[in-house]
*Asks:* 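Before anything else, here's the structure in question.
Note that ligands are numbered from 1 as they come in the structure, with each ligand's atoms numbered from 1 the same way.
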Amino acid sequence: MTGFIDSHVHLADPQFDADREAVIARARDAGAAGLVCIGESLTRAHAARAIAEAHPGFVWWTAGVHPHDAAGYDPVRDEPAIRECLAAGAVAVGECGLDYHYDLSPRLVQRRVFASQLALAAEAGRAVVVHSREAAEDTAAMVREAGAAGILGVLHCHTGPVALADAALEAGWCISFAGVITFRKWDDTALLRAIPDDRLLVETDAPYLAPVPHRGKRNEPMHVPQVIAALAAARQATPEFMTSVTAANAARLLTLG
Ligand SMILES: [Zn+2]
């Protein structure tokens with residue numbers, strides 16, 4: 001596989017409705033080897049599936065429930081629905097996790113819903129795509145437990161703290177960086193250097209978090225090279241090396257075929 005993999009892009013987001021095919025074409029032209037389209041709700045997962053199925057071998061999809069929507073998670077309805085997605089070709093469970101910044105769902109409920117999705121990943125032998133914001137301690141505890149149960153995953157759009165990255169690394173997980181690391185206020189070079197080569201992923205999290213010099217505009221997968229450039233500079237590696245190693249890691253973790 002040559003080229004970069006955007007390991008986390010919300011291609012099913014309505015912000016791409018007008019020009020989704022052009023966005024995918026521009027990603028290819030920019031050197032993408034593949035895109036992982038995140039299903040952050042079951043509705044989005046079904047849309048993500050349709051996009052992936054229209055681009056076999058280039059777009060893959062995931063299925064899960066975002067922590068913002070944890071309060072609406074009904075295990076009786078949603079566990080079988082996620083299970084069905086995994087049987088239908090979703091490559092990972094997620095985006096799921098904990099968000100104590102917005103607290104859009106009660107924390108106890110967020111933890112319960114995250115645990116439910118970790119269990120589904122374990123059952124299917126699939127990885128988990130995890131969102132964690134201002135919830136480092138609880139996320140680390142749950143990632144440690146998941147690792148002990150043999151579940152692998154990725155901390156997406158990681159911004160620290162390093163203790164959370166360390167817990168994930170010890171559990172055998174990967175760490176993914178997004179455009180945030182290109183922002184002027186980003187100064188945590190040590191974090192960018194702390195992750196071993198074989199555990200690094202890159203992503204856009206598009207349509208959000210456009211990297212410099214596109215900050216504030218709608219993001220799209222063609223901007224992954226800006227993230228790779230920032231990572232390469234921090235790690236004193238070449239962009240070519242960071243591109244191939246992050247693509248190989250994404251392909252291995254998510255079993256992209
Ligand atoms: Zn996301």
*Asks:* Say whether Arg133 and Thr159, considering side chains only, have a donor N or O and an acceptor N or O under 3.5 Å apart.
*Replies:* no
*Asks:* Would you check if the Zn ion (ligand 1) lies under 2.8 Å from any N, O or S atom of Glu95?
*Replies:* yes
*Asks:* Assess, by modelled atom type and distance only, whether the side chains of Glu40 and His66 contain a donor and an acceptor separated by less than 3.5 Å.
*Replies:* no
*Asks:* Would you say the Zn ion (ligand 1) has Cys157 as a near neighbour, meaning an N/O/S atom of that residue under 2.8 Å away?
*Replies:* no
*Asks:* Taking Arg218 first and then Asp19, would you say they form a salt bridge - that is, a charged N and a carboxylate O separated by under 4.0 Å?
*Replies:* yes
*Asks:* How about His8: does one of its N, O or S atoms come closer than 2.8 Å to the Zn ion (ligand 1)?
*Replies:* yes
*Asks:* Do you know which N/O/S atom name in His10 is closest to the Zn ion (ligand 1)?
*Replies:* NE2
*Asks:* May I ask you to check whether Thr182 and Gln226 show a side-chain donor-acceptor distance below 3.5 Å?
*Replies:* no
*Asks:* State whether a side-chain donor-acceptor pair under 3.5 Å links Glu95 with His68.
*Replies:* no
*Asks:* Which atom, counting only N, O or S, brings Asp205 closest to the Zn ion (ligand 1)?
*Replies:* OD1
